[in-house]
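Only one structure is covered here, and it is reproduced in the block below.
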Amino acid sequence: MIATSKAEDTRQRVLDVAARQFRELGYAGVSLRDIADEAGLKAGSLYYHFRSKDEIVATVLDIGIALVLEAVERAVAELPTDSSPERLLATAIRQHLQAFLAYSDYTSANVRIFGQLPPEVRRANLPARHRYEALWDTVIDRARAAGAVRRSVDTATFRL
């Protein structure tokens with residue numbers, strides 16, 4: 001078991017609460033006071049861990065993407081090198097869905113609120129999104145090279 005500090009535990013509790021609230025209520029429906037109350041803190045105490053609501057939401061978004069990215073990368077990397085392109089695609093899709101469900105507060109918050117965020121918060125999250133898109137581009141390109149995906153299929157559309 002990894003030992004964590006009280007501050008790390010509190011920070012994680014805040015993020016877990018925030019992810020669930022953003023998933024359920026949307027970006028505008030959540031205040032710092034709401035997060036603090038459910039996390040068992042005074043609203044001002046949040047500033048020890050985060051500079052703003054936008055920093056909290058940016059962290060929630062990045063965690064949601066990172067968790068799914070790591071799970072899909074690991075599953076694809078564990079496949080035998082001679083796996084069929086169909087198995088590659090099926091494994092990546094299955095792992096995406098399993099991770100999405102396993103970390104649903106973080107991943108669902110990401111899907112629900114991304115379009116509601118201030119532009120600077122959305123821009124800050126783009127590098128994480130692009131890393132995940134790049135993984136899928138690689139998976140799709142491998143399947144295309146093996147003949148499992150038609151060359152005429154648009155990668156960005158297929159990825160979605």
Side-chain angles (χ1 to χ4, degrees), residues 1-78 88-141 153-160:
M1 184 170 162
I2 299 172
T4 59
S5 70
K6 183 178 177 188
E8 291 170 327
D9 290 344
T10 301
R11 180 180 167 85
Q12 188 60 56
R13 187 171 68 249
V14 167
L15 289 169
D16 291 345
V17 165
R20 188 191 52 71
Q21 288 185 3
F22 288 131
R23 176 183 56 84
E24 291 177 358
L25 305 170
Y27 177 74
V30 176
S31 70
L32 285 176
R33 182 173 307 284
D34 296 332
I35 295 168
D37 286 348
E38 189 174 330
L41 301 170
K42 295 194 182 306
S45 299
L46 288 179
Y47 292 105
Y48 174 79
H49 303 281
F50 300 96
R51 290 183 303 270
S52 65
K53 176 181 171 180
D54 287 346
E55 183 180 359
I56 294 171
V57 76
T59 304
V60 166
L61 295 179
D62 286 347
I63 289 171
I65 292 171
L67 290 169
V68 177
L69 172 67
E70 291 166 11
V72 175
E73 277 180 330
R74 186 174 45 256
V76 168
E78 290 173 356
L88 170 66
L89 285 171
T91 298
I93 292 167
R94 186 180 317 101
Q95 192 57 51
H96 168 87
L97 294 172
Q98 287 175 342
F100 195 90
L101 293 172
Y103 308 112
S104 66
D105 285 342
Y106 286 88
T107 56
S108 295
N110 199 312
V111 171
R112 175 165 187 191
I113 67 173
F114 187 77
Q116 303 169 9
L117 300 174
E120 62 275 6
V121 178
R122 282 196 310 265
R123 276 192 301 276
N125 184 246
L126 289 177
R129 286 177 172 264
H130 292 320
R131 282 190 299 277
Y132 193 55
E133 290 170 353
L135 169 63
W136 277 98
D137 290 349
T138 300
V139 168
I140 294 165
D141 288 347
V153 171
D154 178 66
T155 301
T157 303
F158 187 96
R159 184 183 343 110
L160 293 175

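- For residues 27-36, the set of pairs meeting the salt bridge (Lys or Arg N to Asp or Glu O under 4.0 Å) definition, not counting sequence neighbours, is empty.
- Annotation: salt bridge (Lys or Arg N to Asp or Glu O under 4.0 Å) contacts involving residues 130-139, sequence neighbours excluded, comprise E133-R159, D137-R159.
- Across all their heavy atoms, A109 and A19 have their closest contact at CB-O, 3.6 Å.
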Next on the checklist: Quick one, V139 with T91, criterion side-chain contact (heavy atoms from CB on, under 4.5 Å). Give me CA distance, side-chain angles, the key distance, then yes/no.
Outcome noted: CA-CA 10 Å; V139 168; T91 298; over 6 Å; no
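- Under the side chain to side chain contact (heavy atoms under 4.5 Å, CB included) criterion, Y132 pairs with I65, V68, L69, V72, H96, L135, W136, sequence neighbours left out.
- Taking the side chain as every heavy atom from C-beta outward, I56 and L32 approach each other to under 4.5 Å.
- For the atom pair CG of L15 and CD1 of I63, the computed distance is 4.5 Å after rounding to the nearest 0.5 Å.
- Side chains of S108 and F22 form no contact here, defined as non-hydrogen atoms less than 4.5 Å apart.
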Next on the checklist: Would L88 and V76 count as a side-chain contact (heavy atoms from CB on, under 4.5 Å) here? Give the steps.
Outcome noted: CA-CA 7 Å; L88 170 66; V76 168; 3.7 Å; yes
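- Listed by first and then second residue, the side-chain hydrogen bond (donor to acceptor under 3.5 Å, both in side chains) pairs involving residues 115-126 are D62-N125, N125-R129 (not counting sequence neighbours).
- For D154, the side chain to side chain contact (heavy atoms under 4.5 Å, CB included) partners at least two apart in sequence or on another chain are A156, T157.
- Of all non-hydrogen atoms in T107 and A99, the two that sit nearest each other are CG2-O, 4.5 Å.
- Listed by chain and residue number, nothing satisfies the side-chain hydrogen bond (donor to acceptor under 3.5 Å, both in side chains) test with T138 (two or more places apart in sequence, or in another chain).
- For L97, the side chain to side chain contact (heavy atoms under 4.5 Å, CB included) criterion is met by I93, not counting sequence neighbours.
- Partners of V153 by side chain to side chain contact (heavy atoms under 4.5 Å, CB included), not counting sequence neighbours, listed by chain and number: R144, V149, R150, F158.
- Residue pairs meeting the side-chain hydrogen bond (donor to acceptor under 3.5 Å, both in side chains) criterion with at least one member in residues 17-26, sequence neighbours excluded: R20-E24, R20-E38, Q21-E38, R23-D105.
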Checklist entry - Are T155 and D141 close enough, and set up right, to give a side-chain contact (heavy atoms from CB on, under 4.5 Å), and what steps lead you there? => result CA-CA 8 Å; T155 301; D141 288 347; 4.0 Å; yes
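- Between R11 and E8 the shortest side-chain heavy-atom distance does not fall below 4.5 Å.
- Side-chain N or O atoms of Y106 include one that pairs as donor or acceptor with a backbone N or O of D16 at under 3.5 Å.
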Check: residues 44-52 side-chain donor-acceptor pairs under 3.5 Å, at least two apart:
{"residue": "S52", "atom": "OG", "partner": "D54", "partner atom": "N", "Å": "3.3"}
{"residue": "S52", "atom": "OG", "partner": "E55", "partner atom": "N", "Å": "3.1"}

